[in-house]
A.B. asks: 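Shown below is the structure under consideration.
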Amino acid sequence: MSIQESTQKDRYQPLISVVWEEDSLKLLDQRLLPENIIMRKLVTPEEVWEAIHAMVVRGAPAIGIAAAYGVVLGAKRYAGADKLEWLQHIHKVCAYLATSRPTAVNLFWALDRMKEKASRLAASEDGIAGFPDALLAEAASIQAEDEDVCRRIGEHALPLFSDGMGVLTHCNAGGLATAKYGTATAPMYLAHEKGMKLKVFADETRPVLQGARLTAFELQQAGIDVTLLCDNMAGMVMSKGWVQAVIVGTDRVAANGDVANKIGTYSLAVLAKAHGIPFYVACPLSTIDLNTESGDLIPIEERPEHEITEGFGKRTAPNGIKVYNPAFDVTPNEYVTAIITEKGIVRAPYREHLAALFR
Ligand SMILES: CSC[C@@H](O)[C@@H](O)C(=O)COP(=O)(O)O
């Protein structure tokens, strides 16, 4: 991957993870946070593929946004004048970007949207010269809409919280994973804006540490009360009565309400149920996949073993040890108290109520 680096000298807040600037895509390298704030400049779809695969950009909505801009970069390569050929070229670029990560359905959703836009352009009377700009406008809309959607998720979720509540979250479903606000963190930001004080507990989130490196970082930067926990401390903290709600994001919700999210989410949901604590999932409609009937059909990414054996930059396991490293797990719908979307709060029976959101 040939990625050019440019360092942001001044810290700004909130950090925006995906930026289109001067005909190129700039991604905040989330692997390097919180120590280094580095934007990487990408100019080809291959670089975007690698950035998604290597988790330079991560989090379901941000992956979708980055991929949409990847299609724009791919479109620039077509030099011919044949509309059908151009459309075939766009389909090829989309099919390629779709192989970068398997679980977050937002990736496929965003690529489908780019393909639909390309089909409309190809069928129009417009000249092919204007197509790249039209595709860029579509990618920019995906990003702008995500910011609005996340804010609306926050507005719907806010009444579930009250001053002084302890709220536990896992992984990073924050501003860094979206255009802004995040999904699970949106009510935290909105509560903060309104002067409501929540006590947030952020799970460290082994093995990649999105909770420690990203959630703890972005909430702390925003001035929100956040306490970092190792994943195996959640039960103890719940048993002390410090947590009144769990809220997480998701990479894909199946038609029956089963939820795929960062590995460790399922254990949290079971713990929450055992302690009588509501377990909320916050996501945009673009994360709900009615074409996947149930959670067991969601493709779960397996990641390299070094994330576990050398996760802290130092070998912490014997050489040659067998390793299992699924990046996500599936929480069965019976553990999910509610799913909070931009269209409102959905409760069981999920199959019926999720389908109604799309009518
Ligand atoms: C709003 S982001 C929702 C999910 O994508 C998030 O919770 C998550 O599991 C991200 O996993 P990651 O592997 O870091 O991409």
Side-chain angles (χ1 to χ4, degrees), residues 14 17-18 27-33 51-67 100-110 143 146-147 149-154 157 168-189 202-215 217-219 231 246-253 259-269 279-289 298-304 307-308 311 325-331 336 339-342:
S17 53
V18 183
L27 295 178
L28 176 63
D29 192 335
Q30 299 194 36
R31 299 168 305 178
L32 305 180
L33 291 171
I52 294 172
H53 188 69
M55 293 171 70
V56 170
V57 62
R58 35 67 50 203
I63 291 172
I65 296 166
S100 54
R101 282 190 85 184
T103 305
V105 76
N106 302 61
L107 171 65
F108 311 103
W109 172 88
Q143 184 167 20
D146 188 59
E147 177 175 336
V149 157
C150 287
R151 188 158 178 108
R152 282 193 278 143
I153 289 172
L168 193 145
T169 190
H170 190 68
C171 193
N172 175 261
L176 292 163
T178 63
K180 202 176 168 185
Y181 300 111
T183 57
T185 57
M188 301 171 194
Y189 285 113
D203 270 357
E204 181 182 40
T205 317
R206 279 280 281 146
V208 179
L209 306 178
Q210 292 93 331
R213 294 188 300 99
L214 308 176
T215 304
F217 172 66
E218 66 165 85
L219 295 182
D231 299 348
V246 175
I247 184 164
V248 295
T250 166
D251 286 77
R252 195 185 295 223
V253 178
V259 170
N261 192 45
K262 183 51 56 193
I263 190 74
T265 302
Y266 171 42
S267 327
L268 260 191
F279 181 86
Y280 300 122
V281 175
C283 70
L285 261 57
S286 51
T287 307
I288 299 170
D289 179 11
I298 298 175
I300 299 293
E301 176 184 15
E302 287 190 30
R303 294 199 56 91
E307 288 182 351
I308 293 180
N325 185 16
F328 303 96
D329 58 26
V330 174
T331 300
V336 179
I339 298 174
I340 304 148
T341 75
E342 68 270 32

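Indexing begins at 1, ligand by ligand and atom by atom, following the structure's order.
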A.B. asks: Does any N or O of ligand 1 fall below 3.5 Å from an N or O anywhere on Lys262, backbone included?
C.D. replies: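 Yes, since at least one N or O of Lys262 sits under 3.5 Å from an N or O of ligand 1.
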A.B. asks: Please check if atom OH in Tyr266 has more than 12 non-hydrogen atoms from other residues, nucleotides or ligands closer than 6.0 Å.
C.D. replies: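 Open: at most 12 neighbouring heavy atoms sit under 6.0 Å from OH of Tyr266.
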A.B. asks: Identify, by atom number and element, the atoms of ligand 1 in contact range of Ala173, meaning under 4.0 Å from any of its heavy atoms.
C.D. replies: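 By the 4.0 Å cutoff, the relevant atoms are 1 (C), 2 (S).
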A.B. asks: To the closest 0.5 Å, what do you measure between CD (Gln210) and CG (Leu176)?
C.D. replies: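 Rounded to the nearest 0.5 Å, the CD-CG separation comes to 11.0 Å.
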A.B. asks: Kindly indicate, with the supporting measurements, whether the criterion side-chain hydrogen bond (donor to acceptor under 3.5 Å, both in side chains) is fulfilled by Thr215 and Asn172.
C.D. replies: CA-CA 5 Å; Thr215 304; Asn172 175 261; 3.1 Å; yes
A.B. asks: Passes salt bridge (charged side-chain N to carboxylate O under 4.0 Å, His left out), Glu301 versus Arg303? Steps please.
C.D. replies: CA-CA 6 Å; Glu301 176 184 15; Arg303 294 199 56 91; 2.7 Å; yes
A.B. asks: Judging by distance only, is a nitrogen or oxygen of Gln210 under 3.5 angstrom from one on ligand 1?
C.D. replies: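 Between Gln210 and ligand 1 (N or O atoms, distance only) the closest approach is under 3.5 Å.
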A.B. asks: May I ask you to identify the nearest protein heavy atom to atom 8 (C) of ligand 1, giving residue, atom name and distance to one decimal place in Å?
C.D. replies: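 Nearest neighbour among protein heavy atoms for atom 8 (C) of ligand 1, to 0.1 Å: Asp251 OD1, 3.2 Å.
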A.B. asks: Do the non-hydrogen side-chain atoms of Phe279 and Val248 ever get within less than 4.5 Å of each other?
C.D. replies: yes
A.B. asks: Can you tell me the protein heavy atom closest to atom 10 (C) of ligand 1 and the distance?
C.D. replies: Arg58 NH2, 3.4 Å
A.B. asks: Has Ala327 got any heavy atom lying under 4.0 angstrom from an atom of ligand 1?
C.D. replies: no
A.B. asks: Could you tell me whether the side chain of Asp29 and the main chain of Arg31 form a donor-acceptor pair under 3.5 Å?
C.D. replies: yes
A.B. asks: Quick check on contacts: which atoms of ligand 1 are under 4.0 angstrom from a heavy atom of Pro61?
C.D. replies: 1 (C), 2 (S)
A.B. asks: Evaluate Cys171 for polar contact with ligand 1, using N/O atom pairs at a separation under 3.5 Å.
C.D. replies: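 Looking only at distances, the answer is no, because the N/O contact criterion of under 3.5 Å is not met.
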A.B. asks: Below 4.0 angstrom from a heavy atom of Arg101, which ligand 1 atoms are there? Numbered from 1 as shown, please.
C.D. replies: 12 (P), 13 (O), 15 (O)
A.B. asks: Can you report which non-hydrogen protein atom sits closest to atom 5 (O) of ligand 1, along with the distance?
C.D. replies: Ala60 N, 2.9 Å
A.B. asks: What part of Thr250 sits under 4.0 Å from ligand 1 if we count only heavy atoms: the side chain, the backbone, both or neither?
C.D. replies: backbone
A.B. asks: Is a side-chain donor-acceptor pair under 3.5 Å present for Thr287 with Asn106?
C.D. replies: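 Short answer, yes.
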A.B. asks: Any side-chain to backbone donor/acceptor pair from Asp146 onto Thr178? Under 3.5 Å, distance only.
C.D. replies: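 Not at all, since once roles are kept as given, no pair shorter than 3.5 Å links the two residues.
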A.B. asks: Among the heavy atoms of His170, does any lie under 4.0 Å from an atom of ligand 1?
C.D. replies: no
A.B. asks: Do me a favour and list the nearest non-hydrogen protein atom to atom 1 (C) of ligand 1 with residue, atom name and distance?
C.D. replies: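 Going atom by atom, the protein heavy atom closest to atom 1 (C) of ligand 1 ends up being Thr183 OG1, 3.3 Å.
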A.B. asks: Is Asn261 in polar range of ligand 1, meaning some N or O pair under 3.5 Å apart?
C.D. replies: yes
A.B. asks: Looking at Arg252 and Asp289, is any side-chain nitrogen of the basic one under 4.0 Å from a carboxylate oxygen of the acidic one?
C.D. replies: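 Answer for the salt bridge query: yes.
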A.B. asks: Under 3.5 Å, is there a donor-acceptor pair between the side chain of Thr250 and the main chain of Asn261?
C.D. replies: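 Pair absent, no side-chain N/O of Thr250 close to backbone of Asn261.
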A.B. asks: Tell me whether ligand 1 is touched by Gln30 - counting only heavy atoms on the residue side and a distance under 4.0 Å.
C.D. replies: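 Gln30: no contact with ligand 1 (<4.0 Å).
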